[in-house]
2 protein chains.
Amino acid sequence: MVTPLHVSISEKLRHQIEAGDYVSGEKLPSEHELMKTFQVSRITVRQAIANLVNQGLVSSQQGKGVFVVPQQKVTYSLSSPMVLLADDLSKKGIELTFKNLTFRKVRSPQEVQTALASAEKQVYLQKKLLYMNGAVGAIDISYILPELGKSLGPQLKQEMTFVVLEECAIAIESIDATIECTRADYETSDYLEVPLGHPLIVYRYIVYGPAQKPILWGETLSRADRFCYSLNIQP
Amino acid sequence: MVTPLHVSISEKLRHQIEAGDYVSGEKLPSEHELMKTFQVSRITVRQAIANLVNQGLVSSQQGKGVFVVPQQKVTYSLSSPMVLLADDLSKKGIELTFKNLTFRKVRSPQEVQTALASAEKQVYLQKKLLYMNGAVGAIDISYILPELGKSLGPQLKQEMTFVVLEECAIAIESIDATIECTRADYETSDYLEVPLGHPLIVYRYIVYGPAQKPILWGETLSRADRFCYSLNIQP
DNA sequence: ATTTTACACTTGTTATAACAAGCTATTATT
DNA sequence: AATAATAGCTTGTTATAACAAGTGTAAAAT
């Protein structure tokens, strides 16, 4: 079995990146320069770079170049509602900010209807972007019971769900959550500034209020290269 | 902004797959046939298929063709040690099996040494593959304290870590775990039968025994298309 | 001095071409 | 009949070529 040229080239570049020859955010040599350096055609250089993009090490921008992606990560603790971590994060010098994309009444999807077990089919949909130190890291999509959404609406626009729920003195009984992994589709790749197919961690949750009544269904799609989740299990 | 041909073609194929035109495991038309169908060059067809591969929808095999990948998923509950789920899984008709790759004494890596806080630098390394219904789904790598490894060794070879620890009546005090996401490298892509860069979920854990003494450090790298984790949070 | 234009450089898209390599079934040989 | 060679399919690799499109800079026009 012969190793293809594009593999050995991307391996060389990967080693150079890991060795620190190219710093985080730095521009790689252009395709033309790499063609000269490795004495191969453009198609081979492009394939080599595509490998690195797929591995999440670099990111290309038309008209500008190929850049080494920063690998800073934020850890979210799941032993408590995740928002409690906000304090810890600022201590570490990581600032979390939010940007509201949409907040409006919609007809709830079938999956949400089942989860919320609500007779009402109109719920509030909220989409917001999550930034760490100015760089986009996750998108959160949540569906909120209409009676809650009406009162919480103005505040939900700017803040994170759990914080607001606590500030509004809404008791959280428990949270059911699932963690899985998916890949960026055409919508999320746009918002999260990642290439199509980039791995995303899906944190899907149902928040239960008093009397175990589900009050919120949501999912947070995080860039796998910027967010991870930690938890503590007591058997 | 004009949509590239390869994007619209991969979108068409994606819709056909989701509509069930191509069943799980079925072969897509060959590149030559797709060239005729869409009246484009081979390079465009290949780019379209590359998009689908990156999205994890199809998988190509040299000499054979391009096939729709099955999307069956297994959920691991994290509110209890994950192995308790083995019963639930068999009820769902999912059979978990294991294959031992290595079990030997090694010098522990720096990270493990710190985590286990052990004076001894020789630990047992165990690598095993995890199959669901015969299909490979995850690889588990764990480092075990020498005194435990010596006695557990013969059984650990075939069984899953937690089960054995319980059968051997070793009390598990607690488990610290982190969930993040990475991508298949050259070694894991081989074992897990996924393309380079395919997203993997990393479940990294430290098992604490009596008196909160760490007895095991491990990580499970799961194929994101076959495993996900669920948990329950009590605030 | 400010704005506009043009140019050079970057990556993105698409075509044609040829050969390599893996798989399968048929044919030819033993 | 069993084995080996072959032909024909598949995807993988690599080259050359041309144009499109996004970015930034330097020159030209206002």
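Hydrogens, waters and symmetry mates are skipped; everything else that's a heavy atom, side chains included, is used. As the structure is a computational prediction, the values presented were derived from the model and not from experiment.
If you measure from atom CD of Gln61(A) to atom P of dA21(D), you get 19 Å, rounded to the nearest angstrom. In this structure, Lys36(B) atom NZ and dC9(D) atom P are separated by 11 Å, rounded to whole Å. Counting to the nearest Å, the C1' atom of dT10(C) and the CZ atom of Phe67(A) are 9 Å from each other. When the C1' atom of dT13(C) is taken as reference, atom CZ of Phe38(B) falls 17 Å away, rounded to whole Å. For the pair Leu34(B) CG and dT11(D) P, the interatomic distance rounds to 8 Å; values are reported in whole Å. Spacing between atom CD of Glu31(A) and atom C1' of dC9(C) amounts to 12 Å, rounded to whole angstrom units. The nearest whole Å value for the distance from the CZ atom in Arg42(B) to the P atom in dT13(D) is 10 Å. Distance Leu28(B) CG to dT10(D) P: 13 Å, rounded to the nearest Å.
Classification of Arg14(B) and Glu11(B) as a salt-bridged pair holds, one side-chain N sitting under 4.0 Å from a carboxylate O.
Proximity of Thr44(B) to the phosphate of dT13(C): no side-chain N or O atom is located under 4.0 Å from OP1 or OP2. Put simply, Ser30(A) has no side-chain N or O that comes within less than 4.0 Å of OP1 or OP2 on dC9(C). A sub-4.0 Å separation between OP1 or OP2 of dT10(D) and a side-chain N or O of His32(B) is absent. In this structure, Arg46(B) reaches the dG12(D) phosphate: one of its side-chain N or O atoms is under 4.0 Å from OP1 or OP2.
Comparing Gly63(A) and Val45(A) by the nucleotide of DNA chain D that holds the closest heavy atom to each, the one mapping nearer the 5' end is Val45(A).
You'll find that the side chain of Val2(A) is closest to dA21(C), out of dG12(C), dT14(D), dA21(C). The side chain of Ile43(A) sits closest to dA15(D) out of dT13(D), dT23(D), dA15(D). Comparing atom distances between the Val66(B) side chain and each of dT11(D), dT11(C), dT13(D) picks out dT11(D) as nearest.
Two residues are said to be in side-chain contact when any heavy atoms from C-beta on lie closer than 4.5 Å; Val207(A) and Trp217(A) fail this criterion.
Among the atoms of the strands shown, none is found under 4.0 Å from any heavy atom of Ile49(B). Using a 4.0 Å heavy-atom criterion, one finds that Gln47(B) contacts no nucleic acid atom at all.
Residue-environment remark: NZ (Lys36(B)) stays at or below the threshold of 12 foreign heavy atoms within 6.0 Å.
When all heavy atoms of Lys12(B) and Phe38(B) are compared, the closest pair comes out as CD-CE2, 3.8 Å.
A centroid separation of 6.0 Å or more is found between the aromatic rings of Tyr124(A) and Tyr143(A).
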